[in-house]
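First comes the structure, then the notes that go with it.
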Number of protein chains: 4
Amino acid sequence: MSRPVRIAVVGHAFMGAAHIHAWRTAPRFFDLPRHPEVAVLVGRDEARTRAAADRLGIAEIETDWRAAVAREDVDVVDICTPGNTHAAIAEAALAAGKHVLCEKPLANSVAEAESMAAAAEEAAARGVRTFCGFSYRRTPALTLARTLVEDGRLGEIRHVRAQYLQDWLSDADAPLNWRLDRETAGSGALGDIGAHSVDAAQWVLGDSIAGVSALLHTFVPTRPVSGDAQGLGGSGDASGERGPVTVDDAAAFTARFAGGAVGVFEATRYALGRRNANRLEINGSRGSLAFDFERMNELEFFDGDDPTAEQGFRTIHVTDADHPYAGNWWPAGHGLGYGDLFVHQVADVVAALDGGEPVRPDFREALGVQRVLHAVETSAADASRFTPVA
Amino acid sequence: MSRPVRIAVVGHAFMGAAHIHAWRTAPRFFDLPRHPEVAVLVGRDEARTRAAADRLGIAEIETDWRAAVAREDVDVVDICTPGNTHAAIAEAALAAGKHVLCEKPLANSVAEAESMAAAAEEAAARGVRTFCGFSYRRTPALTLARTLVEDGRLGEIRHVRAQYLQDWLSDADAPLNWRLDRETAGSGALGDIGAHSVDAAQWVLGDSIAGVSALLHTFVPTRPVSGDAQGLGGSGDASGERGPVTVDDAAAFTARFAGGAVGVFEATRYALGRRNANRLEINGSRGSLAFDFERMNELEFFDGDDPTAEQGFRTIHVTDADHPYAGNWWPAGHGLGYGDLFVHQVADVVAALDGGEPVRPDFREALGVQRVLHAVETSAADASRFTPVA
Amino acid sequence: MSRPVRIAVVGHAFMGAAHIHAWRTAPRFFDLPRHPEVAVLVGRDEARTRAAADRLGIAEIETDWRAAVAREDVDVVDICTPGNTHAAIAEAALAAGKHVLCEKPLANSVAEAESMAAAAEEAAARGVRTFCGFSYRRTPALTLARTLVEDGRLGEIRHVRAQYLQDWLSDADAPLNWRLDRETAGSGALGDIGAHSVDAAQWVLGDSIAGVSALLHTFVPTRPVSGDAQGLGGSGDASGERGPVTVDDAAAFTARFAGGAVGVFEATRYALGRRNANRLEINGSRGSLAFDFERMNELEFFDGDDPTAEQGFRTIHVTDADHPYAGNWWPAGHGLGYGDLFVHQVADVVAALDGGEPVRPDFREALGVQRVLHAVETSAADASRFTPVA
Amino acid sequence: MSRPVRIAVVGHAFMGAAHIHAWRTAPRFFDLPRHPEVAVLVGRDEARTRAAADRLGIAEIETDWRAAVAREDVDVVDICTPGNTHAAIAEAALAAGKHVLCEKPLANSVAEAESMAAAAEEAAARGVRTFCGFSYRRTPALTLARTLVEDGRLGEIRHVRAQYLQDWLSDADAPLNWRLDRETAGSGALGDIGAHSVDAAQWVLGDSIAGVSALLHTFVPTRPVSGDAQGLGGSGDASGERGPVTVDDAAAFTARFAGGAVGVFEATRYALGRRNANRLEINGSRGSLAFDFERMNELEFFDGDDPTAEQGFRTIHVTDADHPYAGNWWPAGHGLGYGDLFVHQVADVVAALDGGEPVRPDFREALGVQRVLHAVETSAADASRFTPVA
C-alpha cells in the first residue's frame, strides 16, 4: 500500500474542524490513491490547541506554525487561519516543499496574493501543488451548473446575479470579532462571503469579471467588545464598552464580464432571515440556472430548448449516482450537508497530488478573485466609478 | 342615485384592454360612491378602434384624443398610450377640467414630467385629481408589505433588492416594436419595468432614493423590423431587414436611500425563464419581506421577534378577508390575477373623486420616479459614477 | 350580428356572483359565436335579490325560479344554488328547452343525479345541452395536465394523490351554515370539495375510479347557530345555542382506478393554514405531475425522458400564449385568478351551443362523480370495506 | 479517561457504511461520556468483508455473527442486515449482555418482534439497552416538530398525512434484489419506508394508531433476475430471465389515531421524480406542520395564534444553534445531510449507556410499529376492512 499523505492543519476553529472532519472522512467514501492522515494540529495557545486535538482525534500538536511546516513527516499544509496570516505560512510551506491548501480569500491584499501566486508558480516547477479553499465549488449542484454552462446549454450568457446573504450581524449589539477587524480579516462581507460569489460566478461561467462599479457600507460602526459568541454572531454586552467595526458590513456592485455578461453582486451579513443564502442565478440565450445554498442539494435549470408549453425551471435534486460527487455517498434523494463539501475538496486535493489532474483553483486563479475584490474597494472609494479589474 | 363617472380611455392595446375590463368590473365587487362607465374609446385608426370598441363593449369611439378630452360627458381621461404622448394628452385633459389617470412611466423625460406635475398642481387647486398607473401597488401582497413597514415591523431598513425580470427579448430575432424605440418609449427595460421597481421600493419603504450608480446595456443592437408579434415579444423575420434598438435591454444599479438603506436594482427582458418576475426583497433590523409577482398572491414575511427556534419566512397567502382588497372578492385561498389589480386601481380612483381620500401616486409622486430614472441614465453615461437624484 | 345568448342565473351568493362576472367578462376576452347577457337574476327574497341585481348590474329579477325557467327570452339556466335544489330546477329548465349549466356536485344523491342525467339525455336529442360546473377543469394548468396525460407523456399511470384542503372550520366555534346541513348540502367536505378532486382526477387521467375504501369523520359535532359569517367560515357565538353538524368534516379514501392506478384522496375543511389547497399529484412510468390550486398558475411536470442528470420537476408558469386559455388574456407571466376560471367555463359553454363541440362534463359525466361519492359513503358506513363504484 | 465503547457492526452495505461513518464522527462533534470505536465488522463473505473493513478503516472482521456477539471486547452490537436476521442476532447479543442497536423494521413479523421485545425487557433488568434505528427521528426538523406538538402549539391534532415516496422501481425492468423478496425483507414499500412514516407520525404526535383500512398493490409482478445495481435500483437485463416480486410495490391506508386524529398514509417506490420524499403534514386546531425529507433542513410551521393577516407557513431553517443537534455542527444556515442523522443516532445511543437517559425507540416501542404494519397487511387481505391494531 502507498504511504499516507500527512497533513498539518493550522487553525482549529470553525474551518479547522471542518477540514479535519473531511480529511478523516474522505478515504471512507472516495477511492483515493493515498490515505490522508492529519499528523499535527497547529494553534497558538497550547491548552486550547491540545483540547481541540483531543476532541478532533489528533495525536500531535504544535504551537508554532514554523515548526509544523518544517516537519519532515508533513506533506500538506492546510491553512485555516484568518487572512492576514496566509501569506507567511503558505510561502514558508511552499519553500519547505509542502503542498498547500489555503482557505479563502487567498490573502488580505493583492500584493500578498501576488507574492503567494509567484511562490506557488516557483514551487509548481518542483511538483508542489497549491489549492485555495473555495469550498462551494464542491457543491454537486454548482459543479453540475458549471458542466451545463461548459456544454453550451445556456448559450450566450447575458446575466449573472449573485447574492451572498447572511444575518448574523442584524443585531446591532452582536459583539465584535476578528471578522469585523480590517487588520485581521482584510475586509468584511466582501472578502468573507462576497469572495465566494465572485469565485463561483467566474468559475461557473468560465469567464472573468472585467470591471466593477461598487458600493461598500457599514451599518453599525461600533459594537460591544465583549459578549457571548454564538455561531458567527452572538449576543454582545450592550451596556459595556464598544469598539470600532473597521470593515464593510455590506458590498454591492455591478460588473461587466469579459465575455459580455452583466453581473449584479451583493454580499451582506444583515439580511435578516437569510441564514446562509449563497445564491447564484444565470440567464443565457438558451437556458438559465438558479441556485441557493440554503437548498444546497437542488439546482434550478431552465432549458429554453424545451417546447414552449412545457418550459419551466426544473428542480434537479442533485443526489443521483451520475451527479458530481453524489454517487460516492447515499442513494438518490438522500441529501448531502455543508460538511460534506470539505470531504469533496480534500478528495480532489489528494487525487491531484503525485502528478494527478490539477485541482482548481490554485493560487494563481485565487489571485484573480483577489483582484476583483480590490477593484471593488477601489471603485467604492471613488464614488462607485467603473473600475477595470487590473 | 348619483350620476355615473364617465371615462374616456385613450389606447386599446394591452393596457387599454386591462383598464376597460377594470372600469367594468370594479362596481360589481367594490362599493363605489359613483358608478364608472367607459363613455368613449380613443384610437388613431378608425377601423381598428371600432373593432376594439365592439370587442370591449364600448359604444362610442373617437380618433382624435383632443376631441375626446374636450367632451362634456367625460369626467376622467385614462391614458394608455406610449410615454411620448402622455404630457400632451394629460395637460390638455387637465386644462379641460378632467381628472387624469395616466399609465406609467409618467413621461419620457424629467422635463415633461415636471410640466405635467405643475399642471397637476394647478388643476388640484380646482379639485381635479391626477393618478399615475403604478398598478403593482394594488397587489394585496405589496399593500400588506407597505403596512408592515409602516407599522415598524421591519425595524430600521438596511437592504432593498428589487429585480424585474422578463424574457420576451431573449430570442435575438424577436421583432422590433415601439418598446424598443427611444423616441416612443423613452427608455427600455429601465422605464418599462424598472420604473415599477423604483416606485414599489420607494412606496413600500416610505423613503426615497438619494442617489444611484448605474449600468445600462443593450445586448442585441438590431432586430428584424417585421415579424409575428406574440405577447410582448414574438418571432421576427430573421432573414429580413433589421432596424436599430435604441433603448437599453437591461439596467442595473446600486442605490442609497435617504434613510440609509442600500438598494440593488435590476431590470431586464433577457432573463430567460422569468416570465414576469417582479421581485422585491427587504431586510430590516426586526424583519424581512420577499415578494415575486409570479406568485402574486403570496408575501414572504420574516418576523425577527419570533423565538429564534421558530423563526422563518412565512408564506402569507394574501387572500383573507382582512387583507387589502381581498375581502371584496372570493373566500380565502382563491387567488387573484393580474387583471384584478386594475380593478383595485380604478376602485381607488373612483373613491378619490369628489373630495375622497387622494390616491397615491399622483403626478407629483410619479415625477419622483422619473427623477430616479434620469439619475440612472446620467450615471450610466458617466462611467457609473454615483449620481444624486436631483 | 347573431342574437345574444340570454341567461337566467339562479342564486346570487358566492357562486352566483362568480358566474355573473364571468358571463359579463367572457365576450371581452374570448371570441364567442354569440354574445352572452344575463337577462334575469333569480332569488327567493325579493329585497336581497334586487340589491344583488343592482350591485351586479342585472336589470331584471325573479323570485320564483319556475317563472324564470319558463321565460321566452331565456336560453340558458345557470344554477348556482345548494345541491338539494338542482334536480327540480334543472329538469324544469330542460323540459322548457333551456340549456343548463348546473353547479357541482350535480345533486345530493345518485337517484337525483340519475334522473337529471336521464332528462339531459332526452333533451340532448332535442339539441339542448347540459354542463356541470366543475370549474377547476378550466384552470390552464389542469387543462395542460390533461393534455400531457392524453399525449402519453406520463406513460402508464401508477399513482394519484388528491387532496383538497381548506381550513375554515378549524375553529370549533365557527358558526353553522348550509354547507354543514345534510339536507341542503348532501354531504360535507366530501361533496363540497372532494367532488372536485374526484372529477379532476378522473378527467385528467381519462380513467374512472372502480372502487373505494373510505373513512368519513366529523370532528366538531355541534356548532353555534348564530354568528358572523366571514368568507366561508366566520366567528360564531360561542356562548349561545349550538346545533348539530349533520355532514362529514373530513373524508379520506383509497381508490383503485379501472386502468390500474392506485389513488389516495382526502378532503377536509380542518387543515389549518391550507386556505384552498386543491392538490393533485400523478405518477406514471414516464412522467409525473403536481398541482396545487394555491399556486394555480403553475404546473409541476417531471419528464422521465430527460437525461437522468437533468431530471427534475419543472415549474411551468402556465401563462404563455400557447397554453390553454392563457393566450386570451395577458402577456406571459401575468397570472390569472380564481374568478377567471368561470370566464373560461362560460366561454366554453357558449362555444358549445348551436352545434358546437360539446363541453365536458355534461350531466352524464357528472353522474359518474356522484356515483363515486356514493361509494365513498357506502364504504365508510361499512367499516371502510372496499366498495365498487356501481 | 473512561474506557471506550466498542461496537460490532453486522452488515456492510448502505446501512453498515452509514453507521460506521457515524460511530467515527460522533465523538468529534458531540460531547460523549465514552468514546465509541468500531471493534469489528461482520459479514458472511470473508473477501468482501475484508475489503469493506479496509475501506471503512476497521481493523478486525468476523464472518460469523455468533462469534462477534460473543466477543469479550464488544459492548454494543449494531445490526445492519435485512429484517429476517434481526431476531436471531439481537436475541443472541442480548443474551450475551450486549447493548443492541437494530435497524428498522424491528423484524419481519409481529411474532419475531414480540420475542425480541421480551428479550429486551429481560435484558433491561440487567442494565442492557436496546434501540431501533428509526433514524429519521434524528432529523433536527422532525425533532423540532415533536417539541412543538408536545408543547401544545398545534392544539388538538386532527389530520396526519404521511407519504414516503421514492422512485427507484419506476422502471419495470429494474432488477430484482433482496428488498423485493418477502422472505428476506418481510414486506415491500410498507416495511422499507412506510415503517418510517408510521414511526414518525406516532412519535411526533405522541399518539398511536388505533386501526387502519389498507390497500397493498404490486405494479410489476416479475423483474429481471440479473442486471446492474445502481443506488437502490438500477438497470436490469430486460431480455433475460425474470423472477417474481413477492412484496408490495405500494401501500396506502387510512388510519384512526387513539387520540382522534385521522391519518392518511402512502408508501411507494414508483413515484417517479420523488427520489426520497419522506413527507409528514399535521394539522391541529392551533397550528400545522409540514416536512419533506428532500428538504431535510426545513420545517414548515403554521402558527394559528399569529394575527390572521400575518398567518402563513414559516419555513424554519432548522440549523440554528438552539435547534436540536444543530448547535454541534456549523453556523446557522449551513445545512446537514442524510449521513449526519446517523451521527445523531449513535451520539444518543452512547449517551444512553451506563445509566443515561433511555433513547427512544427501544424494542418495545418498535414492536408497536410492527403491529401497525401487521394490521395494514391484515386489512389489505380483507378487502380493506377497518382493522384495529392488536
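Values below: every heavy atom of this structure, side chains too, minus hydrogens, waters and symmetry copies. Residue numbers start from 1 in every chain, and the chains themselves are labelled A, B, ... in the order their sequence lines are given, proteins ahead of strands. Worth saying up front: this structure is predicted, and the values here are computed from it rather than measured.
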Ring centres under 6.0 angstrom apart ([X], [Y]):
| X | Y | value |
| --- | --- | --- |
| C/Phe134 | C/His196 | yes |
| B/Phe29 | B/Trp330 | yes |
| C/Tyr136 | C/Phe293 | yes |

Exercise for the section: Fit a plane to each ring of C/His21 and B/Trp329, take the angle between them on a 0 to 90° scale, and name the class: parallel (under 30°), tilted (30 to 60°) or perpendicular (over 60°). Expected result: perpendicular
Below 4.5 Å, heavy-atom pairs only: which of [options] has the largest tally toward chain B?
| options | answer |
| --- | --- |
| C/Asn278, C/Thr315, C/Asn276 | C/Asn276 |
| C/Arg28, C/Arg55, C/Arg274 | C/Arg28 |
| C/Asn297, C/Thr319, C/Asp320 | C/Asp320 |
| C/Gly333, C/Gly335, C/Ala17 | C/Gly333 |

Practice task
For B/Tyr325 and B/Leu144, run side chain to side chain contact (heavy atoms under 4.5 Å, CB included): C-alpha distance rounded to whole Å, both residues' side-chain angles, the deciding distance at 0.1 Å, then the answer.
Solution key: CA-CA 10 Å; B/Tyr325 303 107; B/Leu144 176 60; over 6 Å; no
Using non-hydrogen atoms only, which part of [X] is less than 4.5 Å away from chain C: side chain, backbone, both, or neither?
| X | value |
| --- | --- |
| B/Asp54 | backbone |
| B/Leu56 | both |
| B/His317 | side chain |
| B/Arg295 | side chain |

Handout entry: Flag, side chain of C/Asp292 to backbone of C/Ala277, donor-acceptor distance under 3.5 Å
Key =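 No, because the side chain of C/Asp292 does not come within donor-acceptor range (under 3.5 Å) of the backbone of C/Ala277.
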Problem - Side-chain heavy atoms of B/Arg275 within contact of B/Glu294, under 4.5 Å - result: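 Touching, per the 4.5 Å side-chain cut-off.
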Practice task
Please flag which part of C/Ala18 lies under 4.5 Å from any non-hydrogen atom of chain B: side chain, backbone, both or neither.
Solution key: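 For C/Ala18, the contact with chain B is made by backbone and side chain together.
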